[in-house]
Structure formats: C-alpha cells, structure tokens
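Chain A is the first sequence line, chain B the second, and so forth, proteins listed ahead of strands; every chain is numbered from 1.
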Amino acid sequence: MLEFADTHNAGRKTLFVEVILPLAIAKNYTYRVPFDMNDAVAIGKRAVVQFGKSKMYTAIIVAITEQAPEKYEAKYLMDLLDDRPVVTAAQLSFWNWMADYYLCHPGDVMNAALPSALKLASETKIILNKEHGVDRATLHDKEFLIVDALELQPELTVSDIAKLLGQKTVMPILKLMFEKNIISISESVNERYKPRRKTFIKLNSAYQDQERLKELFEILEKRAPKQADVVLAYIHMSRNGARVAKNELAEASGAGTAIIKALIDKEILIAEEVNVSRLLEESGEEPELTATLSEEQEAVLASVRNQFNQKEVVLLHGITSSGKTQLYIKLIEEAVAAGKQVLYLLPEIALTTHVIERLRRYFGEAIGVYHSRFNDQERVEVWQNVLNGSYRIVLGARSSVFLPFENLGLIVVDEEHETSYKQFDPAPRYNARDAAIYLGNVYGAKVLLGSATPSIESYYNAKTGKYGFAELKFRYGGVELPQIEVVSIAEETKSKTIQSHFTSVLMEDMQQALSKKEQVILFQNRRGYAPVMLCRTCAHTPKCVNCDVSLTYHKSSGMLHCHYCGYKEDSPSICPACGSAHLEYKGFGTEKVEDELSILLPEARIMRMDMDTTRAKNSFQNILNELEEKRIDILVGTQMVAKGLDFADVTVIGIISADSLLKYPDFRANERSFQMLAQVSGRAGRRGKQGKVVIQTYDPGHRVILQVIENDYADLYNNEISERKAFKYPPFYRMIQFDVKHKDPEKLFHQAEYLALELRKQFGDRVIGPEYPLVSRIRNYYIKTIMLKFERDSISLSKAKDAIRSMILQFQTTKLSKGCIVQPDVDPY
DNA sequence: AGCACGCCGACT
DNA sequence: GTCGGCGTGCTC
C-alpha cells in the first residue's frame, strides 16, 4: 500500500511535519504527510495524528521538512483541520521561549495557550455488536454487566466501564470481548467548536411595495388575524433596518412559533439561519467624552511617549486615583491609529463589567475581552476575532498573552505587581507580566507596566535604567488621600474597649458612616469562620485526611473544610480524640467577622465577599452591583475587596487584622503587605470625600505600617532592596524552586536529598534545602522544596537551565526516583 | 497522557 | 493457578 503510493506519485515530494502534541512530553514528534495534503500543510495548522496504539490528538505543526527520520518509520498524519493556520509564527516562537524559560514541555504551553475547543482528542467508544445477537449464556459475569449497560446506553467510554466494574484494569476484558465479536471499539474525534446559529426573519421582497403589502394585510386580517399581527410586529421591529430574530419576533408579537412557521410556509416571511457571536453585543451607548488630562498627566504622557523611543518597557508609577487609565487610553488610541493591535492585561479579579464597559464605551466593537469566566466556545470566538484582525484591542487576564496577535504594537500591564499574574497549578508556571515583556520583544511592541505600588523588581529595573520610568504623584481631580489611623488591638484589649474583633475606633467610624448613609468595607484575609478547632481538654485539632493542615470551620455549612484539597467533614460536637465537649475555635475568618458584626450592628445590611460567596458564575458581579446600588452597608471580604472596587460612597475601610499579612514568612511579605494595605486604603473616599482607613494590629509600630501611613513607597523600596541584596534575593539573584512530591514520606525524604546533592554538584551552596514547606502534604502527596538561588549577572541563565533540564531528566531515569514528581518553578512567588 | 507489558500478592 | 494492582517504558 505504502509502496504503491510512493511509486504512483514518483517525482512528487515526500514531506514530513514536526508537531507539538498537547501532552507533557519532552520532545516533538514527526509525521509523514499524505501526498494529497502536500499543498495544504503549513506551519501553525492543526493536524490530527495518531499517537501510540489508538489515541488521536490535535497537534500543531511547527516545522515542515523533506528529511525522512532515520531511526524510525514516521506514521502518516490523519487529517488537517484548518484552511489557514490558527497559530502564528510569532506565537510559536513565544511558546518556545516559555517552555524553555519556565522549564516545562512544549505540550504544556500548547495546553495553556489553546482554548480546549481547538484541541480535540479522540475518545475510545465501546459499542455493542447488535447483528450477532449475543448469546448471554456464554458470557462471564463482567461481560454480562457490560452488555447489559450497552443495551441501555449505546456508547460507553473505557472509564465508564472501569466505573461499572469497579476495577481499574478493563482493557484485557474489552480486548477479549472484541475478539469474540461482542463489541466494537472505535476512536471518534469530534470537532468541539460549533458556531451558534440564529434564525432571522425577512419579509418577502414581493411585499416591499406598499400596494402589495396593503393587499396582504386585507387578506390576512380576514383569514388569519394573528398572522397579520406578526407581520405588523415585523414591520415595526425592522423599521430602522434592524435584523429581526425569529425568537424575538415571536416574543414581541405574542404569537407562537407555529404562526410564524405558517407565514414562512406561505413564503410571506423568509427565514435565514446565520452564524452569530456568543460574545457580548456592542453596548450601543455613546462614547464617553474624552476626559481632559491634567497638566501632570499631559507631561507624564509626553514623557512615556518619549521614553518609548529608546526603551522597550516603561514603568508608570501612579498612586491610586491619579488617572493611570486615562493615560493608557491615550496610548492605546495612538497605537490603534497607527494600525497596531493592543493587549491590555489586568488581573482576573479586576476585570469587572464596570471596567469592561468603561473601555467598551470608548473603543466600541474594536475591543475584545478574554478571561477565565468565558466558556470554551466564547474563547474560540475571541481567538478567531483576534486572528482575523477584527479586534484591535484585547482586554484580558493572564492567559490573553496567548492570543494570536498579528501586529501587536503596545502591551499595557496594569497592576503589574499583582501576584495573580503568576500561574501555579498546572505547568507552565509562567508570570504573565514577564511573559508580556518577552511577547513585546517578539512583536516589537512597547510594554507599559503600571502600578500604584510597583513590584520591587520592576522598580529596580526602572531605577537602573533597564526600563523607562514615569510617575504620577497627584490624585486626579484633587481627590484627597484617606486619613489612616492605626489602632493597637493589644491596648484596646487591655482597656476592654474592643468588642469582638472591632476596636472602639473602628466601631465609631462605622457607626458614623452608617448614620451618614455611607458604606464600609472590612478586610480580613482569611475565609471561613475559624481556621483552627481546638479541644481544650486534650489539645486535639481536627486535620485534613489528605493534607497537612488544620481544617477550617465554616458556620454556614456546619462543616470543617480543607482549603487545600476541598475535603469536608461534619463539624464534631465533641472532641473526636477524647470525647470532651470543650471545643474552642481559634482565629477568625470573614464568616466570623460577618457573624459578629451582625450582632453588634443589627440594622446594618452586611454582605460577605470571598471564595465561598462568589463561587457561582455571576455572584462576584452581583455583589458589586448591590454595593453600587447601595443595597449593602458593610461589605466584609478577603483580598477580593481590595481589587477593582471603586465606589463613591465607601468612606470607611477597616483592616481587621494586619498581622496575618505582616507575619507571613516570605521574603516578599513586607512588599505584599504594603501593596495590600495601600490598595485597600485606596478604596476609601474617592470622588470628593475624604475617606478613613482603620488598621487594627498588634504591632502598630511596624515599619511597613508607618510606610503605608506616610504613603512612602520610596522608603519601602529602599529598605527592601537592601535586604534583597543582603540576603540574596531577586532582583539580584534568580530563584528556581523545585517542588519534590511523593506519596511515601520516607522515599520523598531520600529522593529530595539525592536531588539536592546532584544540584549541589553543579551549583554548590547556591542550593538551599530540601526543606518542608509550610504545608508539607497536599492531596496525599508529601512535599519538600529545594531552592536554587544564583547571581543574575555572573551565571548564564541558559547554561543553568540546560544543566537543570538534563539533571531532572537523569534524575527521573534513575531507579531511585520512581513515583517521584519534580516540578520546577522559575521565579516563584 | 494513555496504553501494553511484566512482576507480584491475594483470592478461587 | 489466575486475576488485578502497580511500576516502567514508549509513543513519531
């Protein structure tokens, strides 16, 4: 067969393609191109390939060659899915960098980058062979079960059957049944993206003429008055040339679809099916008038423009309410006017409808939005709109760095210090801010980093001239900075003026705000009711069965929750260890704050905003709306309340306990505390009213708190940068963390030690650990971390990475490392 | 990732 | 003995 194809097509080229598979494998694979696809293959198109015995995957073509592989016979690729590439050359080079920089596989990057509707994998389907009429008497118990199930449900997957039989290995059984001709096994690939179809109605052009229309009405009114109503409704709805959807017509005319169908059958109305977008329709409102820039803003804008002539990246340091967004808009306008695309990155949580609407009013249809709350179908549509150039601007969260831009001219990274730009969970563990800078490189686009509290790293880069720098020092429109008062919890405890978790100062301020119909936001960076339950008799603390953490008591569910793996159990009324009834809750979270506040301020309308109350798709937005519409007096929440909340009537902000922030055992603790406190404070009293911030703490003299009061970022920076230098941290040192995981704690210990030893051979005392992390077991995996810190300027990054890569590869091939997972985390947070 | 192959313990 | 779990290696 193959030989036939070869000789038959003698003289034509034999092509091979190298593809990325959407799997965590180290290398790319090569497939042979069937002759009839020679003209169609192109880099960036998707190919369906068989990988392994039967599985099929969507792979991305990254190279085309005439060179046949020497060591093996390449399989033919099965199909090409695209008329034109879905991934651009620029993206592929970006993917390549990411896999390289973050020490992960190209397939990991592909998985993160492509909306899953563009990645189809085959599924093994088990189907009953009906024509043979199974003789049930000859079947074993298990075969009987499978046949039974298949008679109810025509298709089953392999894992369905595993569940059905309650065992893991089912392939041998299925293989035997296949051989006995009882079942067939098929691999089916389904294209998952389907455009949404909508039926629109038009009036037959024969009735455009007024006379004919009049005749029609006369007939209809006599014989079918309801049909006449529908036609009337249609004419009304279409009067401005608007398209009329079938379902809207039905609704507006109050007629059933049967009546519309009758009109369609009579060819009075004509139905037309059209692909429509799932994405938000244009808001239709008039563009907001261009706000005039202040003198300071004009000067800074000019400076940024000017610096972009020499620098690729500029850091814009602007305190809250200084009008950074207005500068972004100006620069975006300019880039778009120059025919370029723009990427505007925001942390996921800040992408509220408020923010989206504001920009959409400004830029209309040219702006696309991309974030994790979109479903797959919606993501594909954004992808395609960027690819075909109909979006000039993308407003998006972390993952929008992966969109298929054509000629990106500007990237704005707002809130550049945000830790949520770093992805943890699946590889690639990338930082979207840093990735955006590389992306800028790929496209020759300028990058603007913006923040009220820049990361130490970015500020350092600006100070040392690697980045340009601009600063907005004044609040736009003369909004005053809030008054900040620090209250000692210890003192108020001593004087007994503290009620529950609320100092007298905070209570008074809250009451005053409420009496003036103003709003309050309370910040407590911990969800649930109490993070620890403790037996006062035997000191027992309920712990998670899968993780090394104490369980958090949640009053609303009456259960103990694990915040790491999601495990829940009923909250005991007596100690599970000794039977004592003296159980005590230690610490407190948002739930408890809300609870106790409702006792102290019974008339106040209190709402809680944390992961537990915002799980449903629109609940985050709903809470914001309620706050906006003043149906909430006090909002209690975790860090969520710090981001993107901008409401005129919030005049009091309370930080219930600053200590949990300040005590965090991490070299970034001070920086983060400052950012968090400054950010929360920035929410108070915008637009004309001076706000008040109350910070409750056991340590009122803490350096960072003083810096927040003084709004002295420079002082924070100076302190932090000298500590970073002294203790060998970024930006002077690069850090790569290795998370070593194993189900067996003993084996983990030895293997982590071994890996550290290997690393030390190469990097000496730049290797720290292995150490047990704060939480040393998650989801039944025991964890140790090894930290590698090396000088930024004297050790070549690429050489170090090469060494690490081969070391991990070698480590994984030793017999010693079985069952052990090593996850590198470059630039960890 | 998923699937096959091979080794080993717990049942008929 | 045999079934099924689990570790190991490979997939173009």
(message) Regarding A:Glu418 and A:Arg433, does a basic nitrogen lie under 4.0 Å from an acidic carboxylate oxygen?
(response) no

(request) Please name the pair of heavy atoms, one in A:Leu114 and one in A:Val87, separated by the smallest distance, quoted to 0.1 Å. (result) CD2-CG2, 4.1 Å

(request) Name the closest nucleotide to the A:Ile173 side chain, picking from C:dC12, B:dA1, C:dG4. (result) C:dG4

(message) In this structure, how many angstroms lie between the P atom of C:dG7 and the CD1 atom of A:Ile821, rounded?
(response) 12 Å

(message) With a 4.0 Å cut-off on N to O distance, would you call A:Asp82 and A:Arg46 a salt bridge?
(response) yes

(request) Would you give a per-nucleotide map of nucleotides 2-12 of chain B, 5' to 3', where B means the base has a protein non-hydrogen atom under 4.0 Å away, S means only the sugar-phosphate does, and - means neither? (result) SSS--------

(message) Under 4.0 Å between a side-chain nitrogen and a carboxylate oxygen: does that hold for A:Arg429 and A:Asp739?
(response) yes

(request) State whether A:Asp100 and A:Arg805 are salt-bridged, where the test is any N-O pair (Lys NZ or Arg NE/NH1/NH2 against Asp/Glu carboxylate O) under 4.0 Å. (result) yes

(request) Can you tell me the distance, in whole Å, between the CG atom of A:Leu23 and the P atom of C:dT11? (result) 14 Å

(request) Could you check whether A:Tyr31 gets within reach of a base, just the sugar-phosphate, or nothing at all, counting any heavy atom under 4.0 Å? (result) sugar-phosphate

(message) Measuring to OP1 and OP2 of C:dC12, would you say a side-chain N or O of A:Lys75 lies under 4.0 angstrom away?
(response) yes

(request) Using the six-membered ring of A:Tyr101, assess whether NZ or CZ of A:Lys801 lies under 6.0 Å from its centre and within 45 degrees of the ring axis. (result) yes

(request) Tell me what A:Lys71 touches on the nucleic acid: a base, only sugar-phosphate, or nothing, going by heavy atoms under 4.0 Å. (result) nothing

(request) Figure out the CG/C1' separation between A:Leu165 and C:dG4, and round it to whole Å. (result) 12 Å

(request) Check every strand shown and say whether A:Gln50 touches a base, only sugar-phosphate, or nothing at a heavy-atom separation below 4.0 Å. (result) sugar-phosphate

